[in-house]
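The structure that follows is given in the form of structure tokens.
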Amino acid sequence: MLKSLQDSYELLRDQVWFFRFFVIMGVVCVYRMLLHFVLRSNHCPNPFCSKCLGAGSVRGRAINRIKQDCNDDDNRFGSIIHNNLAQHDRLCSKNDEKPTVYFHRGLSSTIVDIADQKILLEHYQELRQEIVKYFQENETVPWTHLHLYENGKENSINCKKFPKLFEILQSLPNAICVNSTNCLFGNCFLTCSSSEQIEEASKGLTNCSIRMHFGLLCDEQSPAYVLLNKRKRLTIQNQQPTIYNHAVEHSIENPKEGKQVFLTIDFWHPDLANDMRQQLASIFNTDLA
């Protein structure tokens, strides 16, 4: 009788271990299936996964560049940028600025003034005269946005069309496209539009960029305006700089469809030190796009 009980106990014990082994193997198989799905999907939120690092996003390529070019022991700026990239989603969730590529911690959300705007104000009449002359020579304008610099790349043909603007642009010490050659964050372009919506709602690449609109030939009776976060309005007027953080959700509305001509330039955030600007420009180079 005792031997029979011992045999039954041994049989049940073997079955329990077999059941545990079956459960473990099932969990492993499910995990591998889910991992395979995540790596193949286009909605992976983790910039450090093999999909993003291997083929992917600008953030993923920036992380790879930092790992290849920067040593955390002797490059604290590279380490700061790397940490910010690692926490991108969390940082965006806690702030009004929600850039699509890079969030830099510690930058002020309130932008009152940029030194470069004084230079633009001093040359307003020259810029305006060049624009007026251009429209006199060109009855039809085939563009809404004419880029002198787009994502850090210079358009030499367009720069030659506006030599005075190009000359003044070179004197702006904080303009990203001039101060940091070939930086992905640098843009400078002219806008000419009578559309009701000049620019659809969007967010910029980084909160390191301060966008300025400078009115040149705007309709003074019905000026266009920038709509920030669908609630705050900033008008775009002649001889007036309109400044905001490019990472904030924004659109440009022109409700009465008056003709609006204005200049747009991206500047470095004034809180960023020159060394950090150089490091950002090195990592977020135009070849990263």
Side-chain angles (χ1 to χ4, degrees), residues 111-183 185-195 198-199 204 209-226 234-246 250 252-254 256-270 274 277 281:
I111 308 299
V112 179
D113 198 5
I114 292 180
D116 304 61
Q117 69 189 53
K118 296 179 181 178
I119 299 174
L120 291 173
L121 290 169
E122 290 173 358
H123 295 280
Y124 169 72
Q125 291 300 333
E126 297 171 70
L127 292 172
R128 183 183 174 93
Q129 289 171 9
E130 185 170 60
I131 295 296
V132 170
K133 181 181 178 182
Y134 176 83
F135 284 117
Q136 289 174 344
E137 296 175 351
N138 300 270
E139 295 182 1
T140 59
V141 178
W143 48 266
T144 300
H145 303 297
L146 185 138
H147 284 83
L148 280 71
Y149 291 87
E150 184 172 13
N151 293 334
K153 295 182 179 179
E154 178 183 328
N155 187 317
S156 58
I157 296 175
N158 290 342
C159 289
K160 291 177 181 178
K161 293 178 181 178
F162 297 94
K164 177 54 67 174
L165 170 57
F166 181 74
E167 177 187 339
I168 295 171
L169 188 62
Q170 305 309 306
S171 67
L172 302 178
N174 296 298
I176 300 176
C177 57
V178 175
N179 179 267
S180 304
T181 307
N182 295 326
C183 177
F185 305 146
N187 294 282
C188 175
F189 58 92
L190 287 164
T191 297
C192 175
S193 178
S194 300
S195 301
I198 297 176
E199 183 179 333
S209 171
I210 302 302
R211 175 148 288 190
M212 175 191 290
H213 302 302
F214 189 64
L216 296 172
L217 288 175
C218 294
D219 188 333
E220 297 182 356
Q221 301 302 316
S222 57
Y225 60 84
V226 182
L234 303 175
T235 57
I236 302 176
Q237 298 178 315
N238 291 327
Q239 205 171 356
Q240 294 290 332
T242 301
I243 301 171
Y244 58 96
N245 194 300
H246 194 209
H250 60 277
I252 302 180
E253 310 290 336
N254 186 23
K256 295 187 178 180
E257 300 184 8
K259 184 178 180 179
Q260 314 291 348
V261 181
F262 54 89
L263 173 66
T264 299
I265 306 175
D266 290 332
F267 296 92
W268 284 118
H269 194 294
N274 287 331
R277 296 179 183 186

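All values reported here derive from a predicted model rather than from experimental measurement.
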inquiry  = Quick check on Lys161: does its NZ atom have over 12 non-hydrogen neighbours (other residues, nucleotides or ligands) under 6.0 Å away?
reply    =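 It does: Lys161 NZ has more than 12 such atoms within range.
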query = Quick check: are there more than 12 heavy atoms from other residues, nucleotides or ligands sitting under 6.0 Å from CD of Gln170?
reply =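 Enclosed: over 12 neighbouring heavy atoms sit under 6.0 Å from CD of Gln170.
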message = Between Gln260 and Ile236, is there a side-chain heavy-atom distance shorter than 4.5 Å?
response =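 Not touching, per the 4.5 Å side-chain cut-off.
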key: Step-by-step side-chain contact (heavy atoms from CB on, under 4.5 Å) determination, Phe162 to Leu146   = CA-CA 11 Å; Phe162 297 94; Leu146 185 138; 3.9 Å; yes
query = side-chain contact (heavy atoms from CB on, under 4.5 Å) with Glu137: which residues, sequence neighbours excluded?
reply =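 Here the qualifying residues are Lys133.
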request  = Before giving the answer on side-chain contact (heavy atoms from CB on, under 4.5 Å), spell out for Tyr124 and Leu216 the whole-Å C-alpha distance, their side-chain angles and the decisive distance to 0.1 Å.
outcome  = CA-CA 8 Å; Tyr124 169 72; Leu216 296 172; 4.2 Å; yes
inquiry  = Keeping Asn254 on the side-chain end and Ser195 on the backbone end, is there a donor-acceptor pair under 3.5 Å?
reply    =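 Yes, the answer is positive, given that a donor and an acceptor are paired below the 3.5 Å cut-off.
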ask   = With no hydrogens and no angle check, do the side chains of Glu199 and His145 hold a donor and an acceptor under 3.5 Å apart?
value =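 His145 and Glu199 do not have a side-chain donor-acceptor pair below 3.5 Å.
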key: Residue among Leu120, Leu190, Val132 satisfying side-chain contact (heavy atoms from CB on, under 4.5 Å) with Leu127   =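 Of the listed options, the one satisfying the test is Leu120.
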Residue list, side-chain contact (heavy atoms from CB on, under 4.5 Å) with Leu121, at least two apart or on another chain =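 side-chain contact (heavy atoms from CB on, under 4.5 Å) list for Leu121, sorted by chain: Phe214, Gln239, Pro241.
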request  = Kindly indicate whether the side chain of Cys177, heavy atoms from C-beta on, has any atom under 4.5 Å from the side chain of Glu150.
outcome  =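 No, their side chains stay 4.5 Å or more apart.
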task = Check for a donor-acceptor pair, side chain of Asn158 on one end and backbone N or O of His147 on the other, with a separation under 3.5 Å.
result =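 Yes; at least one donor-acceptor contact below 3.5 Å.
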task = Please identify each residue that fulfils side-chain hydrogen bond (donor to acceptor under 3.5 Å, both in side chains) with His269, with sequence neighbours left out.
result =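 By the side-chain hydrogen bond (donor to acceptor under 3.5 Å, both in side chains) rule, His269 matches no residue at all.
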message = Between Asn187 and Asp266 (side chain of the first, backbone of the second, donor and acceptor by atom type, cut-off under 3.5 Å), is there such a pair?
response =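 No, the answer is negative, given that no donor and acceptor are paired below the 3.5 Å cut-off.
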query = Between Lys164 and Glu130, is there a salt bridge with N-O shorter than 4.0 Å?
reply =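 Judged by the 4.0 Å cut-off on N to carboxylate O distance, Glu130 and Lys164 do not form a salt bridge.
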Side-chain (Gln237) to main-chain (Glu220) donor-acceptor, under 3.5 angstrom =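 No, because the side chain of Gln237 does not come within donor-acceptor range (under 3.5 Å) of the backbone of Glu220.
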ask   = What orientation do Tyr134 and Trp143 show, parallel under 30°, tilted 30 to 60°, or perpendicular over 60°?
value =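 Plane angle between 30° and 60°, so tilted.
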ask   = Testing Ile114, Asn179, Val178, Ile119 for side-chain contact (heavy atoms from CB on, under 4.5 Å) with Leu172, which one passes?
value =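 Among Ile114, Asn179, Val178, Ile119, the one that satisfies the side-chain contact (heavy atoms from CB on, under 4.5 Å) with Leu172 is Ile119.
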key: Side chains of Phe267 and Ile243 in contact at under 4.5 Å (non-hydrogen atoms)   =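 Result no, sub-4.5 Å side-chain heavy-atom pair not found.
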Donor-acceptor contact present, side-chain Thr264 to main-chain His213, <3.5 Å =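 Not at all, since once roles are kept as given, no pair shorter than 3.5 Å links the two residues.
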request  = Keeping the roles fixed (side chain from Arg211, backbone from Tyr244), state whether a donor-acceptor pair exists under 3.5 Å.
outcome  =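 Flag not set: sc Arg211 to bb Tyr244 has no pair under 3.5 Å.
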